[in-house]
Amino acid sequence: MNTSSDNRMSSSERLALGGFSLLRTTGPQLMERLAKKLGQGEQTALFFANTNFIVQCQGLQAGMIKNTVVINDGIGVDIATWLVHRTRFPENLNGTDFTPAFLQSLGTQARVYLFGGKPGVAERAANSLRSDFGIEVVGNSDGYGQARDQDALLTRINASGANVLLVAMGNPLQERWILQQRDQLEPILLFGVGALLDFLAGDKPRAPDLIRRLRLEWFYRLCLEPARLARRYTLDIVRFLALCLRTGKRLDTGHGH
């Protein structure tokens, strides 16, 4: 695989955080960049770097050197970026809002496959994308029984004719899976989307608009799932900030040059 032009950008277009190289961009600019890659057939992985990603995906940095775009997601990343660089990203780019909007912007160009979630979740999410966003979903597989036979799963994805694959397994499972399987996958755009399918399927509620505008959706989710998320938003936040301050502006993998 050739080195992506995204990994030869000037330092002004990227910020180092926790050893990762995060693209500085806006939603419209990112949509344009990804649409261009889709049109050119340049396979690209897109990862949304929230605090959990930075902590959990440390061991995957080397695999993100080529043909990978990592973007900022969440207020925790904003705070750490300010502490390290004394600057901010131009826009918060969370996958739950960005991904459906991007797919919708592609119109008939997008042929989407959904992989991940509990049985039934991907299927309900596919129905939501079709009915609410007018997006063509060409197939789906859950992250349990249908994921056990790896070869059959890859064959099913490739046979679907999808050019966009959404993988919803949480960090770092989805990122590791994409990096390990990308050479065997025919879809051009490979997104790690976390809980997106659960939101689309209606299994998890989004925070009200006001809460999201105030950048407090993390607190809303914590209140709904305290047992699962308490550690992520307490001890792991401390670990995240310590990691970002320790690595500073350094890129451990050498990407982003």
Side-chain angles (χ1 to χ4, degrees), residues 1-2 4 31 34-48 53 56-57 59-60 63-64 66-70 95-96 98-204:
M1 220 177 251
N2 295 326
S4 166
M31 287 185 185
L34 293 172
K36 184 177 180 181
K37 290 182 179 300
L38 184 64
Q40 294 175 340
E42 182 181 349
Q43 191 186 69
T44 302
L46 177 70
F47 299 136
F48 298 88
F53 171 97
Q56 299 297 333
C57 295
L60 302 178
M64 298 182 191
K66 296 180 181 179
N67 302 91
T68 303
V69 176
V70 183
T96 307
F98 175 82
T99 303
F102 169 65
L103 295 175
Q104 195 171 32
S105 76
L106 292 175
T108 57
Q109 295 180 64
R111 300 185 304 279
V112 184
Y113 197 101
L114 310 182
F115 167 48
K118 295 177 181 178
V121 168
E123 186 174 357
R124 292 195 298 275
N127 292 334
S128 175
L129 285 175
R130 293 185 186 108
S131 62
D132 298 342
F133 298 93
I135 294 164
E136 182 182 4
V137 181
V138 294
N140 64 84
S141 299
D142 66 55
Y144 288 76
Q146 293 177 317
R148 290 194 185 115
D149 188 334
Q150 191 82 268
D151 291 339
L153 174 63
L154 295 174
T155 298
R156 186 175 178 183
I157 292 171
N158 291 336
S160 71
N163 56 11
V164 181
L165 174 64
L166 307 186
V167 182
M169 302 170 73
N171 317 117
L173 296 178
Q174 63 194 19
E175 290 82 11
R176 182 182 295 119
W177 190 89
I178 288 172
L179 294 174
Q180 289 178 345
Q181 308 302 330
R182 62 186 306 169
D183 288 341
Q184 301 178 69
L185 288 165
E186 293 181 11
I188 305 302
L189 301 180
L190 314 171
F191 288 17
V193 296
L196 173 62
L197 302 192
D198 291 312
F199 291 130
L200 289 171
D203 286 29
K204 292 183 180 179

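Here, residue 1 is the first one in the sequence, and each next residue gets the next number. On a predicted model such as this, the values are computed, not experimentally measured, just so you know.
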Q.
Check whether N163 reaches the backbone of L38 with its side chain - one donor and one acceptor, N or O, closer than 3.5 Å.
A. no

Q) At their closest point, which heavy atom of V138 faces which heavy atom of A162, and how far apart are they? A) CG2-CB, 3.6 Å

Q. Is a donor on one side and an acceptor on the other found under 3.5 Å between the side chain of S160 and the backbone of N158?
A. no

Q. Would you find more than 12 non-hydrogen atoms of other residues, nucleotides or ligands less than 6.0 Å from Q104 atom CD?
A. yes

Q: Measure the acute angle between the ring planes of F53 and F47, then classify it against the limits of 30° and 60° as parallel, tilted or perpendicular.
A: tilted

Q | Partner of N127 under side-chain hydrogen bond (donor to acceptor under 3.5 Å, both in side chains), chosen from R130, R124, E123 | A | R130

Q) What closest approach, in Å, do S141 and R156 show between heavy atoms, and which atom pair accounts for it? A) OG-NH1, 3.5 Å

Q) With respect to I135, which candidate in T108, V112, L106 satisfies the side chain to side chain contact (heavy atoms under 4.5 Å, CB included) definition? A) V112

Q: Taking Q146 for its side chain and D142 for its backbone only, find out whether a donor-acceptor pair lies under 3.5 Å.
A: yes

Q: Start with the C-alpha distance between D203 and K118, add both sets of side-chain angles, then the distance that settles salt bridge (Lys or Arg N to Asp or Glu O under 4.0 Å), and finish with yes or no.
A: CA-CA 10 Å; D203 286 29; K118 295 177 181 178; over 6 Å; no

Q: State, to 0.1 Å, how close P100 and G95 come at their nearest heavy-atom pair, and which atoms those are.
A: CD-O, 3.9 Å

(Q) Tell me the closest heavy-atom pair linking G63 and L179, and the distance in Å. (A) O-CD2, 3.3 Å

Q.
Quick one, R176 with L173, criterion side chain to side chain contact (heavy atoms under 4.5 Å, CB included). Give me CA distance, side-chain angles, the key distance, then yes/no.
A. CA-CA 5 Å; R176 182 182 295 119; L173 296 178; 3.8 Å; yes

Q: Apply side chain to side chain contact (heavy atoms under 4.5 Å, CB included) to the pair F191 and L34, showing each step before the final yes or no.
A: CA-CA 11 Å; F191 288 17; L34 293 172; 3.8 Å; yes

Q. Under a 4.5 Å cut-off applied to non-hydrogen side-chain atoms, are K37 and N67 in contact?
A. no

Q. Is there a side-chain contact between Q181 and Q150 (heavy atoms, below 4.5 Å)?
A. yes

Q. So, for K204 and F199, which heavy atoms are closest and what is the spacing to 0.1 Å?
A. O-CD2, 3.1 Å

Q) Do V167 and Q174 have side chains that get closer than 4.5 Å, going by heavy atoms? A) yes

Q: Of all the heavy-atom pairs spanning L60 and P172, show the shortest one and how long it is.
A: CD1-O, 3.9 Å

Q. Is there a side-chain contact between L114 and L200 (heavy atoms, below 4.5 Å)?
A. no

